[in-house]
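First listed ligand is number 1; within each ligand, the first listed atom is number 1.
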Amino acid sequence: MTASIGRVVVLLGAPGAGKGTQAQILSERLGLAHVATGDLFRAAVRDETPLGVVAKGYMDRGELVPDAVTIEMLLERLGQPDAAAGILLDGFPRNTAQAEVLDKVLADKGGRVDVAPYIEVPEADLVARLGGRWICRAGGHPYHDQTKPPKTPGVCDIDGSELYQRTDDRPATVQARLRQQLGALDAVVNYYRSRGVLRTVDGRRSIEPVADDLLAAIAPATGRRN
Ligand code: AP5
Ligand code: MG
């Protein structure tokens with residue numbers, strides 16, 4: 001683990017709300033490491049590591065992976081050098097137990113969650129977004145058939161790798177993810193609201209205006225520790 005940590009932004013949103021899309025923009029603009037637990041799990045599944053073998057069944061059923069496994073993986077990631085300058089969390093925490101652990105880990109490093117922007121999107125839009133999504137093999141960069149097509153079909157604009165559809169984006173698994181995970185998301189939203197760091201952003205608009213609103217919400221909260 002690194003001895004200290006910089007700014008910490010927790011990007012919240014339901015499955016398909018646009019966390020990965022926005023995290024890519026925000027992490028670059030703000031100079032934060034993009035830490036996405038879903039991406040870490042997908043890499044572990046691809047590499048068939050012991051962690052990947054455990055995680056796969058939960059992910060395929062649309063369930064959360066158990067906290068112990070998830071937290072251990074996150075701690076390992078936070079110990080990497082790029083995290084010291086500050087992190088943008090995407091997909092963590094997913095329940096209040098994870099949120100409490102995060103607070104404790106950050107406090108031990110003299111840090112805290114500076115701001116938790118919440119991308120709010122209605123459920124019907126989530127289903128449409130996940131149904132049309134493609135992501136790239138190398139970096140997990142997200143695209144969409146209608147709203148964000150790649151310049152060359154089937155190829156990532158950023159790293160040139162092949163695009164594929166996530167197995168958990170099949171309609172039955174999308175329904176399971178929403179059914180099983182939206183309640184826990186509500187609890188996390190309330191957790192950060194009660195701590196005064198929640199900033200809700202209307203996620204129904206196109207990618208650029210949502211990014212502008214997120215930047216406006218994040219800047220005042222993180223500026224003091226730049
Ligand atoms: P994870 O990978 O985190 O998936 P998720 O939370 O379900 O979110 P998604 O990645 O599906 O959506 P997103 O919000 O990133 O949207 P995106 O930007 O791609 O987790 C996967 C699984 O891993 C979980 O189900 C669980 O099993 C496990 N897991 C992960 N973290 C865990 C944890 N902490 N604890 C336990 N288990 C964990 O956008 C979606 C689509 O919409 C794209 O096609 C995009 O192009 C399009 N789009 C984006 N923004 C817009 C917009 N403004 N307008 C129109 N289209 C848009
Ligand atoms: Mg994502």
Side-chain angles (χ1 to χ4, degrees), residues 10-27 34-45 51-52 54-75 77 88-99 101-102 117-136 139-150 156-158 163-170 173-182 184-185 187-188 201-214:
V10 168
L11 192 55
L12 298 173
K19 300 182 296 297
T21 301
Q22 297 296 341
Q24 193 187 313
I25 299 169
L26 301 175
S27 59
H34 175 196
V35 174
T37 42
D39 289 347
L40 295 173
F41 280 133
R42 277 183 289 281
V45 170
L51 170 71
V54 171
K56 188 174 185 323
Y58 293 96
M59 295 172 80
D60 286 348
R61 290 191 298 275
E63 295 170 11
L64 293 179
V65 179
D67 287 347
V69 180
T70 305
I71 289 164
E72 190 185 332
M73 178 183 74
L74 180 84
L75 293 182
R77 177 65 185 88
L88 176 65
L89 285 167
D90 157 6
F92 189 98
R94 296 287 257 261
N95 56 33
T96 47
Q98 293 183 7
V101 169
L102 179 65
Y118 170 38
I119 310 171
E120 197 172 33
V121 175
E123 200 168 325
D125 295 16
L126 300 173
V127 173
R129 288 185 186 187
L130 293 173
R133 173 167 63 181
W134 294 77
I135 67 168
C136 81
H141 301 119
Y143 295 86
H144 191 278
D145 283 344
Q146 309 295 321
T147 57
K148 195 185 180 233
C156 179
D157 294 349
I158 296 167
L163 302 185
Y164 74 101
Q165 289 191 291
R166 279 170 44 177
T167 52
D168 62 349
D169 281 348
R170 292 179 187 138
T173 315
V174 166
Q175 292 304 332
R177 287 160 68 196
L178 296 175
R179 199 172 54 243
Q180 293 179 79
Q181 298 186 23
L182 291 184
L185 171 67
V188 175
V201 164
D202 181 355
R204 290 171 300 180
R205 292 152 313 142
S206 59
I207 293 167
E208 294 75 18
V210 174
D212 290 344
D213 277 7
L214 288 167

statement: Closest heavy-atom approach to atom 1 (P) of ligand 1 among Q146, R166, M59, R177 is made by R166

- request: Provide, to 0.1 Å, the distance between atom 27 (O) of ligand 1 and the closest protein heavy atom, together with that atom's residue and name.
  value: E63 O, 2.6 Å

message: Could you check whether any side-chain N or O of Q24 sits under 3.5 Å from a backbone N or O of P142, counting only pairs where one atom can act as donor and the other as acceptor?
response: no

- request: Say whether F41, considering both its backbone and side-chain N or O atoms, lies within less than 3.5 Å of an N or O atom on ligand 1.
  value: no

query: Taking atom 54 (N) of ligand 1 as the point of reference, which of Q165, Q180, R129 owns the nearest heavy atom?
result: R129

- request: Indicate yes or no: at least one non-hydrogen side-chain atom of P149 is less than 4.5 angstrom from one of W134.
  value: no

- prompt: Does D39 reach ligand 1 with a nitrogen or oxygen that is under 3.5 Å from one of the ligand's nitrogen or oxygen atoms?
  reply: no

message: Does R204, at its CZ atom, have more than 12 non-hydrogen atoms belonging to other residues, nucleotides or ligands within less than 6.0 Å?
response: no

- prompt: Would a 4.5 Å heavy-atom cut-off, applied to side chains only, mark I135 and Y164 as touching?
  reply: yes

- request: Kindly give the heavy-atom pair with the smallest separation between A99 and P93, and that separation in Å.
  value: N-CB, 3.4 Å

field: Nearest-contact summary for atom 8 (O) of ligand 1 - protein heavy atom, Å
entry: K19 NZ, 3.0 Å

message: Under a 3.5 Å distance rule, please check whether K19 uses its side chain to pair with a backbone N or O of A14 as donor and acceptor.
response: yes

task: Report, in ascending order of atom number, the atoms of ligand 1 lying under 4.0 Å from any heavy atom of T70.
output: 33 (C), 34 (N), 35 (N), 36 (C)

message: Give me the nearest non-hydrogen protein atom to atom 24 (C) of ligand 1 as residue plus atom name, then the distance to 0.1 Å.
response: R94 NH2, 3.5 Å

Polar contact flag for K148 and ligand 1 (N/O pairs, less than 3.5 Å): no

- line: min-distance protein heavy atom vs atom 40 (C) of ligand 1 -> G16 O, 3.7 Å

message: Can you tell me if Q180 has over 12 outside heavy atoms packed within less than 6.0 Å of its CD?
response: yes

- request: Check ligand 1 against R42 and write out every atom of the ligand that is under 4.0 Å from a heavy-atom position of the residue.
  value: 2 (O), 21 (C)

Ion pair check, R170 and D60, cut-off under 4.0 Å: no

query: So, is Q98 polar-close to ligand 1, with some N/O to N/O distance under 3.5 Å?
result: yes

- prompt: At what distance is the nearest protein heavy atom to atom 25 (O) of ligand 1, and which residue and atom is it?
  reply: Q181 NE2, 2.9 Å

- prompt: Where on L130 is there a heavy atom closer than 4.0 Å to ligand 1, on the side chain, on the backbone, on both, or on neither?
  reply: side chain

For atom 37 (N) of ligand 1, the protein heavy atom that lies nearest, with its residue and separation: V65 N, 3.0 Å

- prompt: At a 4.0 Å threshold, what atoms of ligand 1 neighbour a non-hydrogen atom of T147?
  reply: 55 (C), 56 (N), 57 (C)

- prompt: Looking only at heavy atoms of G13, does any of them come nearer than 4.0 Å to an atom of ligand 1?
  reply: no

message: Could you check whether R94 makes a cation-pi contact with F92, meaning its NZ or CZ is under 6.0 Å from the centre of the six-membered ring and within 45° of the ring axis?
response: no

query: Is any N or O atom of G18, backbone or side chain, closer than 3.5 Å to an N or O atom of ligand 1?
result: yes

Heavy-atom gap A14 to ligand 1 smaller than 4.0 Å: yes

message: Please list, in number order, the atoms of ligand 1 under 4.0 Å from a heavy atom of G20.
response: 13 (P), 15 (O), 18 (O)

- prompt: Does any N or O atom in D169 lie less than 3.5 angstrom from one in ligand 1, N or O only?
  reply: no

- request: From the options T21, L88, D90, select the one residue that forms a side-chain contact (heavy atoms from CB on, under 4.5 Å) with L26.
  value: L88

- prompt: Can you list the ligand 1 atoms lying under 4.0 Å from a non-hydrogen atom of I207?
  reply: 50 (N), 51 (C), 52 (C), 53 (N)

message: I need the contact type for W134 against ligand 1. Using non-hydrogen atoms and a strict under-4.0 Å cut-off, is it side chain, backbone, both or neither?
response: neither

- line: If we number the atoms of ligand 1 from 1 as shown, the ones under 4.0 Å from a heavy atom of R205 are 52 (C), 53 (N), 54 (N)

message: Within the structure, is a non-hydrogen atom of Q22 found at a distance of less than 4.0 Å from ligand 1?
response: no

query: At what distance is the nearest protein heavy atom to atom 34 (N) of ligand 1, and which residue and atom is it?
result: G91 O, 2.9 Å

task: Measure A23 to ligand 1 on non-hydrogen atoms and call it side chain, backbone, both or neither using the 4.0 Å cut-off.
output: neither

message: Taking D169's backbone N and O only, do any of them form a donor-acceptor pair with R133's side chain (distance below 3.5 Å, no angle check)?
response: no

- prompt: Of all the non-hydrogen atoms in the protein, which one sits nearest to atom 49 (C) of ligand 1, and at what distance?
  reply: T21 OG1, 3.4 Å

field: K148, NZ: over 12 other non-hydrogen atoms inside 6.0 angstrom
entry: yes

message: Treating Q181 as the side-chain partner and G62 as the backbone partner, does any N or O pair qualify as donor plus acceptor under 3.5 Å?
response: yes

task: Taking all heavy atoms of P15 and all of L130, pick out the closest pair and write down the distance.
output: O-CD1, 3.8 Å

- request: Check whether any side-chain N or O of T37 sits under 3.5 Å from a backbone N or O of G91 as a donor-acceptor pair, and report yes or no.
  value: yes

- prompt: For ligand 1, is there an atom lying under 4.0 Å from some heavy atom of R204?
  reply: no

field: Distance filter under 4.0 Å to S206 heavy atoms, resulting ligand 1 atoms
entry: 53 (N)

